[in-house]
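Beneath this line is the structure, given in structure tokens, with notes to follow.
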Amino acid sequence: MFVDRTQKAEYPRRDGPKMSQPRKHPPKPAKVTNSSSSGGSMNKIIRDSVHGDIELSPEEMRLIHTAGFQRLHGCRQLGLTHLVYPGAKHARFEHVLGVMRMADEIAGRLTKNGEFFVEKGAEDLRRTLRFAALLHDMGHVPFGHTFEDEMPVIPKHDKPSSGGDPSRMDLEVSRVLTESNNADQLGPVMQVLRAIDASKDDQKLYDLVDAGEVAQDYLVLADIIGNTICADLFDYIKRDYMMTGIRATYDDRILNYFGVDSHVVPRQGKNQKSGKPEPVEKSYERAVIRLVRHGRVRNDALADLLDLLKLRYNLSDKVLFHPQKCAADAMLIKAVVNLKLTEQDLLRYSDDGLLDTYRDDPMIRMIRERDTFRPVFSCGWDGVHSYDDENTKQELAERLHKSPELRTTIEKEIEDRLRLPKGEDSLLLFCPRPKMTLKLVRALVQWRDGTIRRLNEIGEDDDPWTYKQVRLLEDMYPQLWRLYLFVRPGLRGQGHRIQQEFVDVLKKEAGIRATCDPAFQFYLEKRCTDYQLGLLLDRELSKAPKYISLPVEEKVTVSSDCHQKLSGIVGDDRFGQPEGKTLELRDEEAGLRLVRSIINERLGEQQGPEAQGGLVQ
């Protein structure tokens, strides 16, 4: 909701502690007034559920009133997470407003401490910071992270152009800035966004600076908006936890620890006399977290920083990789692949618009009814091994993650082997990116010796406690990786047979040996009635003399028929605790009577009603 204010608003400056080793600036720095409050223009205020009032200048209001920017209202921040956490329907529109708000807050702290935004041109930098924060997610399609990251079927939203045709981020940012009469910000904003994209690789990032493609000051802006400990993180941690109903947050005091300092790195240079390449040290101004004051480590700053790492880990564990969300994501990815939708097709829709337009697609219809596939196989990274002499398991899992064709080949071969229903996708393989890292451990921090280093570069000799805490979180995060095989709800009773075939086909087609997690196997066998009865049916069937004497092809047919009959009897656990019949079947004797009657009825049909020998007793 937009609210007019009759007075000119100014951004408050926040007090903060003096940082150690601050940057040196002229004794009388230029006064900085944020673009949102300059020129005597009246500001608008938007009330945000997380941060309260957010002020925007007239030029920023023109930007957010473009159709391209308003499109972000229809792109949910957490995709299909609302199937698990019903309140998680917040959109990227409010997220980018929150990122701008937090970026401006960090800028205010740096200004107050004389660290940045205090020299000539500071007002223009602050203006670019706010615009870049608003536009950092402009390239998102509906369900963006599902299609870009979990099992990629389109390029990433924040990927800038690298020759050839412009990327969708470049096109969308250019369009809204031009339409809002803010075209003068196009060059600066694109440099900041390019720096954010390259921030995972210092050498790549500094190559852009050395080549003149990204200005030095824009590195700091990129760090503030979207690097490791950044405005993007500060907003989505608070917003995602609040909207999912999980009570956890961080202390805003961590903003006081921001500073700007020189990051010294080895680079390739030239000898001044010979002109030959030689290693040199170069420094680049970066936003950092100051963990040291007066030569001593600030335990409060370190504790706040480690709390952020834990919050990020828990968000991934409880929300982003929830098994039901993973199942829904696998279904949605399969639908988009089957429908052959491109990134340009997807840009035409909101999240709900996509689901509504293709509501007749079988997968999307099930998602809309919250009838998600069920897991029958779950495997962590330690349970995966390579059968390929030429490729590591990391490389093989990466191929499985990126290739819809390979996943489909595996799924279809299992379906054919088990005679699962034709004409529909019965199985879905879910393989997230194998290289899962907690990027927050790469935060640039000031250490007690005055150097600027990555948090995960602090050694055990530097500080044993910090080293152990960081290593623990760094080692835990990859354990969130799970390889899943999901099946249609009515097929979980065949889970044991599907597991066996999956392990064999995965080895054959992908060169990967995977072992089902024992805890998950225990859950299937002790808590899932349909799986329990299906396993019991397989055991009883294998003892029936008539079944043993059948040809292999007829065995497959008989087994499929028996399982199909069983699935029609077992209740649907979507609606809570199983009802009377299914509860009764959890009793071993009742379950045994049921599966024997199904087997005997089917084998009697196989041999004719007059033949009664060879059935299970």
Side-chain angles (χ1 to χ4, degrees), residues 14 16-17 19-21 50 99 102-103 105-106 109-110 113 115 199-200 202 223-242 244 246-261 263 286-321 435-481:
R14 306 289 184 175
M19 303 296 180
S20 61
Q21 299 182 0
V50 175
V99 174
M102 294 307 299
E105 182 74 12
I106 294 170
R109 306 293 175 100
L110 292 174
N113 293 311
E115 300 253 354
S199 62
K200 295 178 183 177
D202 284 341
D223 287 338
I224 291 172
I225 295 168
N227 194 345
T228 51
I229 307 298
C230 59
D232 185 49
L233 172 77
F234 288 135
D235 180 77
Y236 76 69
I237 286 290
K238 278 192 175 180
R239 196 173 301 275
D240 292 353
Y241 270 106
M242 177 184 288
T244 53
I246 302 172
R247 296 186 178 181
T249 189
Y250 57 85
D251 191 333
D252 286 339
R253 188 175 181 180
I254 193 170
L255 301 178
N256 292 332
Y257 310 135
F258 269 85
V260 175
D261 217 320
H263 184 214
R286 302 295 298 271
V288 303
I289 303 295
R290 297 202 183 279
L291 296 182
V292 176
R293 189 179 186 186
H294 305 313
R296 298 179 61 184
V297 174
R298 300 189 58 169
N299 291 329
D300 56 344
L302 186 56
D304 286 342
L305 185 56
L306 292 173
D307 282 346
L308 267 177
L309 269 64
K310 294 170 186 174
L311 285 168
R312 182 61 180 85
Y313 173 86
N314 288 332
L315 183 67
S316 295
D317 186 25
K318 296 178 180 179
V319 178
L320 304 182
F321 293 109
K435 191 175 181 180
M436 295 179 66
T437 57
L438 189 61
K439 74 173 185 176
L440 275 63
V441 299
R442 296 186 66 252
L444 285 169
V445 300
Q446 178 201 40
W447 196 238
R448 58 163 60 97
D449 58 1
T451 60
I452 303 301
R453 60 176 82 177
R454 301 289 179 186
L455 181 62
N456 61 351
E457 292 173 353
I458 295 173
E460 191 167 11
D461 292 338
D462 296 314
D463 189 292
W465 185 86
T466 301
Y467 172 83
K468 291 176 182 178
Q469 290 283 309
V470 173
R471 283 292 176 273
L472 176 64
L473 289 165
E474 199 172 22
D475 293 343
M476 283 172 59
Y477 201 76
Q479 301 305 314
L480 294 175
W481 186 91

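Position 1 is the first residue of the sequence, and the numbers go up from there.
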Requested in this report: Let me see the working for Tyr257 and Val445 under side-chain contact (heavy atoms from CB on, under 4.5 Å), right down to the final yes or no.
Outcome: CA-CA 10 Å; Tyr257 310 135; Val445 300; over 6 Å; no

Which donor-acceptor pairs under 3.5 Å do side chains of residues 306-313 form with protein atoms, sequence neighbours excluded?
| residue | atom | partner | partner atom | Å |
| --- | --- | --- | --- | --- |
| Arg312 | NE | Tyr236 | OH | 2.8 |
| Arg312 | NH1 | Ser316 | OG | 2.5 |

Any side-chain heavy atom of [X] within less than 4.5 Å of one from [Y]?
X      : Y      : value
Val441 : Tyr477 : no
Asn227 : Leu444 : no
Glu457 : Arg442 : no
Phe258 : Arg109 : no

Return the set of residues passing salt bridge (charged side-chain N to carboxylate O under 4.0 Å, His left out) with [X] (not counting sequence neighbours), or none when no residue passes.
X      : answer
Asp232 : none
Lys238 : Asp252
Asp317 : none
Asp300 : Arg253, Arg298

State, to 0.1 Å, how close [X] and [Y] come at their nearest heavy-atom pair, and which atoms those are.
X      : Y      : answer
Ser199 : Gly226 : OG-O, 4.2 Å
His263 : Ile452 : CD2-O, 3.7 Å
Ala287 : Ile224 : CB-CG1, 4.4 Å
Glu474 : Pro478 : O-CD, 3.0 Å
Tyr241 : Leu315 : OH-N, 3.3 Å
Asp251 : Asp304 : CB-OD1, 4.3 Å

Query raised in the report: Using 4.0 Å as the upper bound for N to carboxylate O, is an ion pair formed by Asp475 and Arg471?
Result: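 Answer for the salt bridge query: no.
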
Query - Under 3.5 Å: donor-acceptor pair, side chain of Asp462, backbone of Gly459 - result: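 Yes, Asp462 side chain to Gly459 backbone: donor-acceptor pair under 3.5 Å.
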
Query raised in the report: Quick one: CD1 on Ile289 to CG on Leu455, what's the gap to the nearest 0.5 Å?
Result: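 Rounded to the nearest 0.5 Å, the CD1-CG separation comes out at 10.0 Å.
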
Query raised in the report: Hey, what do you get for CD1 (Ile254) to CD1 (Ile229), rounding to the nearest 0.5 Å?
Result: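 Here the interatomic distance stands at 6.0 Å.
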
Report task. Would you sort out whether Leu440 and Leu233 count as a side-chain contact (heavy atoms from CB on, under 4.5 Å), showing the intermediate values? Result -> CA-CA 9 Å; Leu440 275 63; Leu233 172 77; 3.7 Å; yes

Requested in this report: Please say whether more than 12 non-hydrogen atoms of neighbouring residues, nucleotides or ligands are located less than 6.0 Å from NZ in Lys439.
Outcome: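 Yes, enclosed.
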
Query raised in the report: ring pair (Phe, Tyr, Trp, His ring centres under 6.0 Å) with Tyr250: which residues, sequence neighbours excluded?
Result: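 Partners of Tyr250 under the ring pair (Phe, Tyr, Trp, His ring centres under 6.0 Å) test: Phe234.
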
